[in-house]
K.L.:
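Provided herewith is a single structure, encoded as structure tokens, for subsequent inquiry.
A note on names: the letters A, B, ... follow the listed sequences, proteins ahead of strands, and every chain is numbered from 1.
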Amino acid sequence: MTLLSIQLSKLVLAGVARAQKEGALPSFELPELIHLTRPNRREWGDYSSALPLQLAKQIDHSPIVVANHIQDYLPKSPIIEHSTVSEPGFLNVTLSSDWLCSQVARVISEGTSFMNLDLYSNQSAQVEFVSANPTGPLTVGHGRGGVLGDTLSNLLSAVGYKVTREFYYNNAGQQMKKLGESLRIRYLQSLGISVQLSEDHYQGEYLISLAAQIVESHSDSLSEESWETFKDIAETDIAAKQHSTLNRLNIVMDVLYNEQSLYEDGSLDKVVAKLRQKKLAYDKDGAVWFAVKELGGSDDRVIVKSTGEPTYRLPDIAYHCNKMERKFDLVIDVLGADHKDSFPDVILGVKAMGYEADRIKMLMHQFVNIKGQRMSKRSGKFISLDDLIDEVGADVVRFFMLMRASESHLEFDIDLARDQSDKNPVYYVQYAHARICSILEKASIAGYSLKDTKVDSLVHPSERLLMRNLLELSDTIDRAVSEMAPHYLTTYVRDLASSFHTFYGDCRVLDDDDVSLTLARLNLIRAVRIGLSHALGLLGVSAPESM
RNA sequence: GCCCCCGUAGCUCAAUGGACAGAGCACCUGACUUCGGAUCAGGUUGUUGGGAGUUCGAAUCUCUCCGGGGGUGCCA
């Protein structure tokens, strides 16, 4: 479909062009699209444009005169019922009720495809998110990244991208040795042998319970095994648990990319060689440095330590070159605030390697603070993502993680999410969906036929508002994608639920004395149901038929 | 020291450079012999942290100061 905002924008611009042609306005360059806002007073109609105010100065007319001219030459359109001009120079349009009804009918007959956009069909996108190493359970911070990345992926699919969800991890190096050693020590401890973890070992309780499981299945038969054996056990177990945690949130990765493969296939050497060749890498203090300053960045960075091991920046650059090799049209890294500082260096590295790194975007998110219950009762440690899902449920976790702009710190008040669960915005939205299902069920029992998608005669203000809100889903999706801001969708779906509940209070759907109105309203709520469940689906939240 | 994010109603937060800055929670008052009361309607709530600048117009852009958080390694 064509976005409503674009259609209206084109109409207004056509009005300007005609006014110019007829000599009412002087000639000047027109923008391709104009910005429309939703006015906050009903008398100003459904959409407003401040274009006259913006044009007034450059063409030396009063804004109100410009607005009047544009209004005079506004083309006739089935979309617009009428237009008005208001001080100090706004052009306001009111949508036609008939047109709104006709669009609602299309929502029913065409379903979600009507609300999705094909702006980017035949394009591919890769979204990298979570990217935790297999050294411990996922944190609530990973949860935020996971929910953001997955929802953004859903949104990208909705505008036509073929999306790859990718998880990048490293199961090699010092950290894994420490993990293996830690598990081995826990194992020996649970056999009653007196050994201690050192400070740089992994202290988490999950290794104690894993050790206990090993004792149960293998008794003491592994006591002579090396750390490598325990590393393999720990890695397998932790990785499986991480993905089962993600699955609980409806997150399923398409590709698991192992950092180790970049060491093995020579990618790292290739990067170093090429940077050296371009004089962007040099030796100092026994290490290899990447000349970031040379490229306009902040500080030069070590990419190969004096021990010969790469720092994380080198594989990061190689990995992103690999993404470029895979020809994605769009690459998005969903990163926590702790990783974002290295992002510009990686981009500079990828550019230095000769790729169009502008296709790589970053969606940065701040951390999550758990309020009210800083410590988990079970482990005595920081609450894990699994704990959080146990406490409030997957739907609430997903919705809450998406209620705030990603760059804002998120305070997750568990006690509030749990104790006030019936006042919860998630339930508010889901209730609207369940309520619709219930009415439709009742209508079906009463014998109303829902074969026809005809919608007309819906003129009540609550009906108009509900229709308008429903039809804004596409614009919301578009905006959420272009600004990489999934939280617009949570705001939207709450608005849609709210206008449905208001409609429900004002307009009785089932009325045996007026069958034609009943059918129109039934079709309206069928369409709203499609909109609600589609938006909730994009958010990864369930849309229950009853609750 | 340097960099990033945030500061909006009592609380948690929205808001695409536009009109009188909006929701939810909390508090008060109403609404079912009728479609699900997990609902609705109404009421109260503001120096958008302070100051300056750009603009016809600033919560939004720039500068500066204050406060909170995060980052800043030959860790990832």
K.L.:
Of all the nucleotides listed (B:U16, B:G22, B:C75), which has the minimum atom distance to the side chain of A:K305?
P.N.:
B:C75
K.L.:
If the C1' atom of B:C11 is compared with that of B:U44, how far apart are they to the nearest Å?
P.N.:
16 Å
K.L.:
Heavy-atom nearest nucleotide on RNA chain B for A:G286 versus A:R404: which residue maps closer to 5'?
P.N.:
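The 5'-side residue here is A:R404.
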K.L.:
Can a donor-acceptor pair be found, under 3.5 Å and without considering hydrogens, that links the side chain of A:T311 to the backbone of A:V302?
P.N.:
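Judged by distance alone, yes, a pair lies under 3.5 Å.
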K.L.:
Ignoring hydrogens and angles, does a donor from either the side chain of A:D495 or the base of B:A14 sit under 3.5 Å from an acceptor on the other?
P.N.:
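By the distance-only test, no, there is no pair.
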K.L.:
Could you measure between the two C1' atoms, the one in B:U16 and the one in B:G70, and give it in whole Å?
P.N.:
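Taking atom C1' in both B:U16 and B:G70, they lie 28 Å apart.
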K.L.:
Suppose you measure atom C1' in B:C27 against the same atom in B:U33; what distance do you get, rounded to whole Å?
P.N.:
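Comparing C1' positions in B:C27 and B:U33 gives a spacing of 32 Å.
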K.L.:
Do A:S86 and B:A19 share a donor-acceptor pair, side chain to base, under 3.5 Å?
P.N.:
yes
K.L.:
Going by the rule salt bridge (charged side-chain N to carboxylate O under 4.0 Å, His left out), which residues pair with A:D475 if we only count those two or more places apart in sequence or in a different chain?
P.N.:
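Checked A:D475 against salt bridge (charged side-chain N to carboxylate O under 4.0 Å, His left out); zero matches.
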K.L.:
Would you classify A:T311 as touching base, sugar-phosphate or nothing, given that sugar-phosphate means primed atoms plus P, OP1 and OP2, and contacts are heavy atoms under 4.0 Å?
P.N.:
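Sugar-phosphate: the residue A:T311, judged by heavy atoms under 4.0 Å, touches backbone atoms but no base.
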K.L.:
Assess whether one donor atom and one acceptor atom, taken from the side chain of A:S438 and the base of B:C35, lie less than 3.5 Å apart.
P.N.:
no
K.L.:
Could you identify which residues of residues 361-368 of chain A place a heavy atom less than 4.0 Å from some atom of RNA chain B, listed by residue number, or say none?
P.N.:
A:Q366, A:F367
K.L.:
Which ones in residues 499-517 of chain A lie close to RNA chain B, meaning a heavy atom under 4.0 Å from one of its atoms?
P.N.:
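By residue number: A:H501, A:T502, A:Y504, A:C507, A:R508, A:V509, A:L510.
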K.L.:
In whole angstroms, how far is the P atom of B:A76 from the CG atom of A:L262?
P.N.:
14 Å
K.L.:
Please give the distance between the C1' atoms of B:A15 and B:A19 as a whole number of Å.
P.N.:
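Between the two C1' atoms, the distance is 14 Å.
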K.L.:
In whole angstroms, how far is the C1' atom of B:A38 from the CZ atom of A:R435?
P.N.:
9 Å
K.L.:
Looking only at atom P, what distance separates B:U55 and B:A14, rounded to whole Å?
P.N.:
31 Å
K.L.:
Measure from the side chain of A:H409, starting at C-beta and using heavy atoms only, and say which of B:A19, B:G68, B:A38 lies closest.
P.N.:
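When the side chain of A:H409 is considered, B:G68 is the closest of B:A19, B:G68, B:A38.
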K.L.:
With rounding to whole Å, what would you report as the distance between B:A23 and B:U45 at their C1' atoms?
P.N.:
13 Å
K.L.:
Over all strands shown, is A:Q430 touching base, sugar-phosphate only, or nothing at heavy-atom distances under 4.0 angstrom?
P.N.:
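Answer is nothing: A:Q430 stays at 4.0 Å or more from every strand.
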K.L.:
Using a heavy-atom cut-off of under 4.0 Å over every strand shown, decide if A:A337 touches base, sugar-phosphate, or nothing.
P.N.:
sugar-phosphate
K.L.:
Does A:Y312 contact B:A76 through a side-chain donor or acceptor facing the base, at a distance under 3.5 Å?
P.N.:
yes
K.L.:
Look at the side chain of A:R41 and the base of B:C20, then say whether one donor and one acceptor between them are separated by less than 3.5 Å.
P.N.:
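Answer yes: a donor N or O sits under 3.5 Å from an acceptor.
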K.L.:
Which nucleotide in the set B:C6, B:G36, B:C74 lies at the smallest distance from any side-chain heavy atom of A:Y431?
P.N.:
B:G36
K.L.:
Please state the P separation for the pair B:G43 and B:C4 - nearest whole angstrom.
P.N.:
44 Å
K.L.:
Under the criterion side chain to side chain contact (heavy atoms under 4.5 Å, CB included), I'd like the reasoning laid out for A:V541 against A:V396: C-alpha separation, chi angles, the key distance, then a yes or no.
P.N.:
CA-CA 8 Å; A:V541 174; A:V396 174; over 6 Å; no
K.L.:
Kindly state each residue pair satisfying salt bridge (Lys or Arg N to Asp or Glu O under 4.0 Å) with at least one member in residues 476-485 of chain A, sequence neighbours excluded.
P.N.:
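Passing the test, one end in residues 476-485 of chain A: A:R479-A:E483.
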K.L.:
Ring pair (Phe, Tyr, Trp, His ring centres under 6.0 Å) between A:Y169 and A:Y257: does it pass, once the steps are laid out?
P.N.:
CA-CA 6 Å; A:Y169 69 103; A:Y257 196 99; 8.7 Å; no
K.L.:
Measure from the side chain of A:R494, starting at C-beta and using heavy atoms only, and say which of B:C74, B:G24, B:A76 lies closest.
P.N.:
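Between B:C74, B:G24, B:A76, the one nearest the side chain of A:R494 would be B:G24.
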K.L.:
Is A:F90 stacked against the base of B:A19, taking the criterion as centroid distance under 5.5 angstrom and interplanar angle under 30°?
P.N.:
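Yes; by the centre-distance and plane-angle rule, A:F90 counts as stacking on B:A19.
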K.L.:
For B:C20, does the O4'-C1'-N9-C4 (purine) or O4'-C1'-N1-C2 (pyrimidine) torsion place it in syn, i.e. within 90° of 0, or in anti?
P.N.:
syn
K.L.:
Using distance only, find each side-chain donor-acceptor pair of residues 28-39 of chain A under 3.5 Å and give its atom names and separation, not counting sequence neighbours.
P.N.:
| from | atom 1 | to | atom 2 | distance (Å) |
| --- | --- | --- | --- | --- |
| A:R38 | NH1 | A:N469 | OD1 | 3.4 |
| A:R38 | NH1 | A:E472 | OE1 | 2.4 |
| A:R38 | NH1 | A:E472 | OE2 | 3.2 |

K.L.:
Distance to the ring centre below 6.0 angstrom and angle to the axis at most 45 degrees; does that hold for A:R435 and A:Y504?
P.N.:
yes
K.L.:
Looking at A:Y488, does any N or O in its side chain come under 4.0 Å of the phosphate oxygens OP1/OP2 on B:U16?
P.N.:
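The answer is yes; a side-chain N or O of A:Y488 sits under 4.0 Å from OP1 or OP2.
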K.L.:
Passes side-chain hydrogen bond (donor to acceptor under 3.5 Å, both in side chains), A:E181 versus A:H201? Steps please.
P.N.:
CA-CA 8 Å; A:E181 288 173 355; A:H201 281 126; 2.9 Å; yes
K.L.:
Tell me every residue that passes side chain to side chain contact (heavy atoms under 4.5 Å, CB included) with A:A281, counting only those two or more places apart in sequence or in another chain.
P.N.:
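Counting only residues at least two positions away or on another chain, A:A281 forms a side chain to side chain contact (heavy atoms under 4.5 Å, CB included) with A:L275, A:R276, A:V288.
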K.L.:
Given that A:E407 and A:S342 both sit by RNA chain B, which one's nearest nucleotide is further toward the 5' end?
P.N.:
A:E407
K.L.:
Measuring centre to centre across the rings, with the benzene-like ring taken for any Trp, is A:H501 within less than 6.0 Å of A:Y428?
P.N.:
yes
K.L.:
How would you list, by chain and number, every residue that makes a side chain to side chain contact (heavy atoms under 4.5 Å, CB included) with A:N523, sequence neighbours excluded?
P.N.:
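In terms of side chain to side chain contact (heavy atoms under 4.5 Å, CB included), with neighbours along the sequence ignored, A:N523 is linked to A:I108, A:V455, A:R526.
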K.L.:
Taking only residues two or more places apart in sequence, or in another chain, which ones meet A:D514 in a side chain to side chain contact (heavy atoms under 4.5 Å, CB included)?
P.N.:
A:D511, A:S516, A:L517
K.L.:
In chain order, what residues pass the side chain to side chain contact (heavy atoms under 4.5 Å, CB included) check against A:K10, with sequence neighbours excluded?
P.N.:
A:I6
K.L.:
Tell me which residues in residues 42-51 of chain A lie within less than 4.0 Å of RNA chain B, going by non-hydrogen atoms.
P.N.:
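Those residues whose heavy atoms fall under 4.0 Å from RNA chain B, taken from residues 42-51 of chain A in numerical order, are A:W44, A:S48, A:A50.
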K.L.:
In this structure, how many angstroms lie between the P atom of B:U55 and the CG atom of A:L55, rounded?
P.N.:
19 Å
K.L.:
Whole angstrom is fine here: how far is it from CG in A:D299 over to C1' in B:G1?
P.N.:
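That distance rounds to 12 Å.
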K.L.:
Of the nucleotides B:C74, B:A76, B:U16, which has the atom closest to the A:N170 side chain?
P.N.:
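Of B:C74, B:A76, B:U16, B:A76 is nearest to the side chain of A:N170.
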K.L.:
Output all residues satisfying side chain to side chain donor-acceptor pair (under 3.5 Å) with A:S267, sequence neighbours left out; order by chain, then residue number.
P.N.:
A:D265
K.L.:
Return yes if some donor-acceptor pair links the side-chain N/O of A:R144 with the main-chain N/O of A:Q366 below 3.5 Å, else return no.
P.N.:
yes
K.L.:
Between B:A76, B:C35, B:A15, which nucleotide gets closest to the side-chain atoms of A:K442?
P.N.:
B:C35
K.L.:
Would you please indicate yes or no on a ring centroid separation below 6.0 angstrom for A:F503 and A:H460?
P.N.:
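Not close enough - the centres of the two rings lie 6.0 Å or further apart.
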K.L.:
Distance check needed: B:C35 C1' versus A:I525 CD1, whole Å only.
P.N.:
8 Å
K.L.:
Below 6.0 angstrom between ring centroids: does that apply to A:F500 and A:H433?
P.N.:
no
K.L.:
Please give the distance between the P atoms of B:A21 and B:C28 as a whole number of Å.
P.N.:
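Going atom to atom, P in each nucleotide, I get 28 Å.
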K.L.:
Where are the stems of RNA chain B, defined as at least 3 consecutive Watson-Crick or wobble G-U pairs with both distances under 3.5 Å?
P.N.:
B:1-7 with B:66-72, B:10-13 with B:22-25, B:27-31 with B:39-43, B:49-53 with B:61-65
